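Each chain gets a letter, A, B and so on, in the order the sequences are listed, and its residues count up from 1. Computed from a prediction, not measured in an experiment: that's the story for all the values here.
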Number of protein chains: 2
Amino acid sequence: MSLRCAILTALVERPSTGRELTRRFDSSIGYFWHATHQQIYRELGNMADDGLIQPHASQLKGRGAPRCYEITETGEEHLRTWVHSGQEPVTVKDPLLVRLRAAAVLGGIDMREQVQQHLDYHRSLLETYRSIEERDFSRLPGTQRERVQYLILRAGIDTELSWANWCAKALEQLGTEQTRRHP
Amino acid sequence: MSLRCAILTALVERPSTGRELTRRFDSSIGYFWHATHQQIYRELGNMADDGLIQPHASQLKGRGAPRCYEITETGEEHLRTWVHSGQEPVTVKDPLLVRLRAAAVLGGIDMREQVQQHLDYHRSLLETYRSIEERDFSRLPGTQRERVQYLILRAGIDTELSWANWCAKALEQLGTEQTRRHP
DNA sequence: ATTACCATGTAAGTAGTTACATGATTGT
DNA sequence: ACAATCATGTAACTACTTACATGGTAAT
């Protein structure tokens with residue numbers, strides 16, 4: 001449901017082809033809802049069948065031809081209803097923490113490199129977010145819509161900051177644990 | 001793979017029945033990897049087929065009888081290999097942020113109640129973590145294994161704290177946006 | 001014309017969710 | 001004996017991942 005509605009939201013912002021949506025899910029939208037092009041094309045097909053979107057009434061040719069979709073009134077209604085509906089159950093999934101616990105239980109496994117990789121990843125994502133922040137939101141206040149988009153970006157920044165700090169702390173501890181610099 | 005290895009880790013800690021594992025996934029393990037009892041029983045069956053675990057050689061009766069599983073050497077080897085293997089691609093999924101963006105794009109939707117519910121949820125989880133922290137990790141340092149488990153708990157605390165703060169900030173902004181207390 | 005890349009898909013396999021079924025145990 | 005609950009599952013469905021296929025367009 002969330003993928004469907006994330007796509008609908010993107011199409012309200014502006015009509016797009018599958019390829020364009022894929023690119024948008026690789027950058028902005030993908031920062032809070034990840035999706036591959038296979039998911040997107042399939043969902044576009046399903047939504048067209050359900051009448052939530054329709055191909056732009058211009059060029060519609062064969063297989064390899066770009067098809068630009070726009071949202072229908074039914075689609076907007078669907079999106080509006082979903083936005084108001086209660087939230088789904090939270091399902092936490094963090095493989096790194098599973099690995100850490102496994103390593104602690106098995107014993108004798110050095111996890112510093114993996115934590116370091118995560119630290120690098122979170123720092124790099126944080127940097128990306130910071131540059132978006134500077135580029136798009138440096139002069140406040142802006143419209144209400146812009147301010148909410150800034151809020152969403154802040155969620156990403158806060159999350160990455162929190163994880164980067166945690167990784168640094170973890171590295172510190174794993175370091176003193178296993179290398180015994182000052183025995 | 002992560003579910004499989006989360007279960008294997010739990011079984012290294014101590015042999016358990018499906019029911020016990022389900023309970024453990026409802027509390028401690030579930031704080032960083034969520035799973036339902038249906039997933040767990042199916043995975044237990046698959047892993048037994050693959051020789052990674054075996055039922056304790058005590059009472060094995062019919063359908064409704066509890067079966068206590070323990071990890072095999074093959075299973076431990078499998079877990080050890082997985083722990084060392086590189087991490088899987090991160091797939092972010094946050095329905096609240098999707099809803100927020102949709103609401104901003106559609107316009108005229110008050111999201112404060114939903115954000116408030118999230119705030120309540122994160123605060124309550126934070127409180128749970130804090131009480132575990134006090135109960136299990138108040139006197140440091142403890143063994144290396146305990147310290148890693150504390151690190152994992154800290155990840156949860158940091159995450160919830162970060163989200164709670166973000167929700168509070170968001171509420172503040174959505175409040176001034178939409179109620180116009182000082183026009 | 002060939003190569004490279006763009007855009008749209010298909011197929012098979014894996015993982016997760018929801019709803020339901022059945023045997024065992026416990027309390028009254 | 002019966003109901004409630006515990007424990008273990010099955011089945012059908014939905015979502016996601018991975019690998020591959022096909023047609024279209026542009027550069028050389």
Inset, instruction - Nearest-nucleotide wise, let me know which of Gln38(A) and Leu44(B) is further upstream toward the 5' end of DNA chain D. - result: Leu44(B)
Legend entry - Whole angstrom value for the distance that separates P of dT14(C) from CE of Met47(B): 16 Å
Inset, instruction - Round to the nearest Å and state the distance from Arg42(A) atom CZ to dA21(D) atom P. - result: 19 Å
Inset, instruction - Provide, to the nearest angstrom, the distance between the NE2 atom belonging to His37(A) and the P atom belonging to dT10(C). - result: 11 Å
Legend entry - Rounded distance in Å - CD (Gln39(B)) to P (dT18(C)): 10 Å
Legend entry - Selection: residues 1-28 of chain B, any non-hydrogen atom under 4.0 Å of DNA chain C: Met1(B), Leu3(B)
Which side-chain N or O atoms in residues 42-53 of chain B pair as donor and acceptor under 3.5 Å with protein atoms at least two apart or in another chain?
unit_1: Glu43(B); atom_1: OE2; unit_2: Arg4(B); atom_2: NE; d: 2.8
unit_1: Glu43(B); atom_1: OE2; unit_2: Arg4(B); atom_2: NH2; d: 3.2
unit_1: Asp50(B); atom_1: OD2; unit_2: Arg4(B); atom_2: NH1; d: 3.1
unit_1: Asp50(B); atom_1: OD2; unit_2: Arg4(B); atom_2: NH2; d: 3.2

Inset, instruction - Only pairs at least two apart or in different chains count here, so list each side chain to side chain donor-acceptor pair (under 3.5 Å) that has a residue in residues 89-100 of chain A. - result: Arg99(A)-Ser85(B), Arg99(A)-Glu88(B)
Inset, instruction - Using whole Å, report how far CG of Asn46(A) lies from P of dC13(D). - result: 16 Å
Inset, instruction - Specify whether Trp163(B) and His122(B) have parallel, tilted or perpendicular ring planes, treating 30° as the upper limit for parallel and 60° as the lower limit for perpendicular. - result: parallel
Inset, instruction - Find the bend of the helix from dA1(C)-dT28(D) to dT28(C)-dA1(D) as the angle between its two terminal axes (five pairs each), to the nearest 10°. - result: 0°
Legend entry - Basic-acidic side-chain contact under 4.0 Å: Glu134(A), Arg130(A): no
Inset, instruction - Assess whether atom CZ of Arg154(B) is packed by more than 12 heavy atoms of other residues, nucleotides or ligands within 6.0 Å. - result: yes
Inset, instruction - Applying side chain to side chain donor-acceptor pair (under 3.5 Å), name anything that partners Tyr150(A), two or more places apart in sequence or on another chain. - result: Glu133(A)
Inset, instruction - Could you tell me how the ring of His37(B) sits relative to the ring of Tyr41(B): parallel (under 30°), tilted (30 to 60°) or perpendicular (over 60°)? - result: perpendicular
Legend entry - More than 12 heavy atoms from other groups under 6.0 Å of CD on Glu127(A): no
Inset, instruction - Output yes when at least one side-chain N/O atom of Lys93(B) is less than 4.0 Å from OP1 or OP2 of dC16(D), else no. - result: yes
Taking only distance into account, with no hydrogens and no angle test, what donor-acceptor pairs under 3.5 Å do side-chain atoms of residues 18-26 of chain A form with protein atoms, sequence neighbours excluded?
unit_1: Glu20(A); atom_1: OE1; unit_2: Thr17(A); atom_2: N; d: 2.9
unit_1: Thr22(A); atom_1: OG1; unit_2: Gly18(A); atom_2: O; d: 2.8
unit_1: Arg24(A); atom_1: NH1; unit_2: Ala10(A); atom_2: O; d: 3.1
unit_1: Arg24(A); atom_1: NH1; unit_2: Ser16(A); atom_2: OG; d: 3.1
unit_1: Arg24(A); atom_1: NH2; unit_2: Ala10(A); atom_2: O; d: 3.2
unit_1: Arg24(A); atom_1: NH2; unit_2: Glu13(A); atom_2: OE1; d: 2.6

Legend entry - Nearest-Å distance for atom pair OH/C1', residues Tyr41(A) and dC20(D): 15 Å
Inset, instruction - Measure the distance from NE2 on His34(A) to C1' on dT18(D) and round it to the nearest whole Å. - result: 12 Å
Inset, instruction - Take the protein atom OH of Tyr69(A) and the nucleotide atom P of dA7(C), then report the distance between them rounded to whole Å. - result: 15 Å
